[in-house]
Q: 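For reference, the structure I am asking about is given below.
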There are 2 protein chains.
Amino acid sequence: MTQTSNKRTAPKTCCASLGSMLTPRLFKALCDPSRLAILARLAEACAPCTVSEIAKCCPINLSVVSRHLAQLRDAGVLCAEKRGKEVRYAVRARELAETLRAIADALEHCCPAPVRSTQASTRNRGREPASQGE
Amino acid sequence: MTQTSNKRTAPKTCCASLGSMLTPRLFKALCDPSRLAILARLAEACAPCTVSEIAKCCPINLSVVSRHLAQLRDAGVLCAEKRGKEVRYAVRARELAETLRAIADALEHCCPAPVRSTQASTRNRGREPASQGE
DNA sequence: TGCTCGTTTGCGTCATTGTGCAAATAATAG
DNA sequence: CTATTATTTGCACAATGACGCAAACGAGCA
């Protein structure tokens, strides 16, 4: 149980919102290397791209790319616009950034200063969340 | 050569950094419902918790909880501190928030204006990235 | 030293999901 | 109309990952 005066029966309101933000859907969409490559390529392009264009830069079948794009779209990461017989996907950068920042805010607001005692961890001293190439 | 079919330009430097940020490790750690529940519980607690404590609120075996905690630790989401025969895990809220904001910044900096027509998508009109219950 | 408690790890099983191929669907050109 | 191109979907298979159980490991205590 927690070390504070009360138990878990009192999830602070800020943490409740964090809990509702921590939905697997977004992270599920972003947890696959192929989908991340697609997202990066799409962000690079900075403009809507067709499925075929995106598939050119991936070592996987075009149909698989299509499926990945649909999954990213369903997760709200991409938006799709049909033009003729092509479908152009683009990154919903602003919305995605907003979501990530909302999680970040809730996280910090919930835990303003995690155990500042001695950052001494078993095997994770001063490690940063996986971001840059590791 | 990239998929520069007609008027696509080379990858901008800001997007290159985004690509290096989009590592599967962090998202893989966050894509599982059990791990998200653990993270939420740990954020609520706002203090380091032992494995047994965390396992009490999860319908899964303690050994599985231990594995999940290790995975979250390896992803930089949690930090672990051994005290006696117990191990206390805590959320690395500040670092995690920083990482999420860095991705958000890179994303917006890379794609300042996603699509000219705001969001005219086939099946995703005005949709937000998966965050709240959907 | 032996014992107990807390945690981690090895292993087998089962569900999920990423993948390729082929067929189906949709839209445009001839 | 048919033909062609772009995308999606059905299906089968392989790889990945979550899970439970039991054993091993480590730290404190009698």
Side-chain angles (χ1 to χ4, degrees), chain A residues 1 3 23-39 41-42 48-75 77-90 120-124 130, chain B residues 3 5-6 22-39 41-42 48-75 77-90 120-124 130:
Chain A
M1 58 193 70
Q3 297 175 332
T23 294
R25 192 157 330 186
L26 175 60
F27 300 115
K28 262 188 190 300
L30 298 176
C31 76
D32 180 72
S34 299
R35 284 193 292 272
L36 283 182
I38 290 173
L39 176 59
R41 172 64 75 184
L42 225 32
C49 293
T50 68
V51 179
S52 304
E53 285 171 355
I54 300 166
K56 275 180 200 143
C57 68
C58 290
I60 55 179
N61 193 280
L62 184 130
S63 67
V64 181
V65 172
S66 174
R67 254 185 274 258
H68 282 321
L69 288 169
Q71 190 169 347
L72 288 167
R73 168 174 49 74
D74 290 342
V77 176
L78 306 180
C79 61
E81 184 182 5
K82 189 156 191 174
R83 295 187 50 143
K85 51 185 167 186
E86 307 178 324
V87 177
R88 297 185 187 222
Y89 287 88
S121 63
T122 9
R123 285 139 69 185
N124 204 30
Chain B
Q3 82 293 15
S5 43
N6 11 2
L22 263 30
T23 295
R25 189 156 313 151
L26 175 60
F27 300 114
K28 262 188 191 298
L30 298 177
C31 75
D32 180 72
S34 298
R35 283 193 292 273
L36 283 182
I38 290 174
L39 176 59
R41 172 65 75 185
L42 226 32
C49 293
T50 67
V51 180
S52 305
E53 285 169 354
I54 301 166
K56 275 181 200 141
C57 68
C58 291
I60 55 178
N61 193 278
L62 184 131
S63 67
V64 181
V65 172
S66 174
R67 253 185 275 259
H68 282 321
L69 289 168
Q71 191 169 347
L72 288 166
R73 168 175 48 75
D74 291 341
V77 176
L78 306 181
C79 62
E81 184 181 6
K82 189 156 192 174
R83 293 188 50 144
K85 51 185 167 185
E86 306 179 327
V87 177
R88 302 189 181 219
Y89 286 89
S121 62
T122 12
R123 286 131 71 180
N124 205 29

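In what follows, every chain begins at residue 1, and chains take the letters A, B, ... in the order their sequences are listed.
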Q: Considering non-hydrogen atoms only, spot the tightest contact between B:Ala70 and B:Tyr89 and give its length.
A: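 Minimum heavy-atom separation between B:Ala70 and B:Tyr89: N-OH, 4.4 Å.
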
Q: Take atom CD1 of A:Ile38 and atom C1' of C:dG18, then tell me their distance rounded to the nearest Å.
A: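 Nearest whole value for this atom pair: 12 Å.
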
Q: Could you state the CG-C1' distance from B:Leu69 to D:dA18, rounded to the nearest angstrom?
A: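 From B:Leu69 CG to D:dA18 C1': 14 Å.
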
Q: Between D:dA18 atom P and A:Phe27 atom CZ, what is the distance in whole Å?
A: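 Taking atom P of D:dA18 as the reference, CZ of A:Phe27 is at 15 Å.
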
Q: Decide yes or no on salt bridge (charged side-chain N to carboxylate O under 4.0 Å, His left out) for B:Arg83 and B:Glu81, but give the supporting numbers first.
A: CA-CA 6 Å; B:Arg83 293 188 50 144; B:Glu81 184 181 6; 5.1 Å; no

Q: May I ask you to list the residues of residues 28-37 of chain B, by number, that have any heavy atom positioned under 4.0 Å from an atom of DNA chain C?
A: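 When residues 28-37 of chain B is checked for heavy atoms under 4.0 Å from DNA chain C, there are no hits whatsoever.
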
Q: Has B:His68 got a side-chain N or O lying under 4.0 Å from the OP1 or OP2 atom of D:dG17?
A: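 No, outside the criterion.
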
Q: In whole angstrom, what separates B:Glu81's CD from C:dT7's C1'?
A: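 It is 16 Å, rounded to the nearest whole Å.
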
Q: Working to the nearest 0.5 angstrom, can you tell me the gap between B:Leu69 CG and B:Ile54 CD1?
A: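 That separation rounds to 4.5 Å.
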
Q: Side chains of B:Leu26 and B:Leu30: closer than 4.5 Å at any heavy-atom pair?
A: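 SC-SC contact between B:Leu26 and B:Leu30 confirmed.
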
Q: Please report the shortest heavy-atom distance between B:Ala29 and B:Ala75, naming the atom on each side.
A: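 Shortest heavy-atom contact: CB-CB, 3.5 Å.
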
Q: I need a per-nucleotide contact map over nucleotides 25-30 of chain C, read 5' to 3'. Cutoff is protein heavy atoms under 4.0 Å; write B for the base, S for backbone only, - otherwise.
A: -SBS--

Q: For the atom pair OG (A:Ser34) and CD (A:Gln71), what is the distance rounded to the nearest 0.5 Å?
A: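 With rounding to 0.5 Å, OG (A:Ser34) is 11.0 Å from CD (A:Gln71).
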
Q: Considering only heavy atoms from C-beta outward, does the side chain of B:Pro24 approach that of A:Cys31 to under 4.5 Å?
A: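 The answer is no, as the side chains (C-beta and beyond) never meet within the 4.5 Å cut-off.
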
Q: Rounded to whole angstroms, how far apart are CD on A:Glu53 and P on D:dT5?
A: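 Answer to the nearest Å: 17 Å.
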
Q: How long is the span from the SG atom in A:Cys49 to the CG atom in A:Leu42, to the nearest 0.5 Å?
A: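 The SG atom of A:Cys49 sits 5.0 Å away from the CG atom of A:Leu42.
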
Q: Could I get a table of every N or O pair under 3.5 Å where one atom is in the protein and the other is in nucleotides 20-25 of chain D?
A:
from	atom 1	to	atom 2	distance (Å)
D:dG20	OP2	B:Asn61	N	2.6
D:dG20	O6	B:Arg67	NH2	2.9
D:dC21	N4	B:Ser63	OG	2.9

Q: For a quick test of reading the model: is some side-chain N or O of A:Gln71 closer than 4.0 Å to OP1 or OP2 of C:dT17?
A: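 The answer is no; no side-chain N or O of A:Gln71 sits under 4.0 Å from OP1 or OP2.
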
Q: Side-chain N or O of A:Tyr89 versus OP1/OP2 of D:dT8: is the shortest distance under 4.0 Å?
A: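 So the side chain of A:Tyr89 is within the cut-off, an N or O lying under 4.0 Å from OP1 or OP2 of D:dT8.
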
Q: How long is the straight-line distance from CG of A:Leu36 back to CZ of B:Arg25, given to the nearest 0.5 Å?
A: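 Answer for the CZ-CG pair, B:Arg25 versus A:Leu36, is 12.0 Å.
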
Q: Between NZ of A:Lys85 and OG1 of A:Thr50, what distance do you get to the nearest 0.5 Å?
A: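 A:Lys85 atom NZ to A:Thr50 atom OG1 measures 12.0 Å (nearest 0.5 Å).
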
Q: Give the rounded distance in Å between these two atoms: CG of B:Leu72 and P of C:dT8.
A: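 From B:Leu72 CG to C:dT8 P: 12 Å.
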
Q: Tell me whether the OP1 or OP2 atom of D:dT8 has a side-chain N or O from A:Ser66 closer than 4.0 Å.
A: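 Looking at the OP1 and OP2 atoms of D:dT8, one of them is under 4.0 Å from a side-chain N or O of A:Ser66.
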
Q: Pairs under 3.5 angstrom only: tabulate donor-acceptor contacts from the side chains of residues 59-68 of chain B to other protein residues two or more places apart or in another chain.
A:
from	atom 1	to	atom 2	distance (Å)
B:Asn61	OD1	B:Ser63	N	2.9
B:Asn61	OD1	B:Ser63	OG	3.0
B:His68	ND1	B:Arg35	NH1	3.0

Q: Does B:Ser52 have a side-chain nitrogen or oxygen under 4.0 Å from the phosphate oxygens OP1 or OP2 of C:dC5?
A: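 Looking at the OP1 and OP2 atoms of C:dC5, neither is under 4.0 Å from any side-chain N or O of B:Ser52.
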
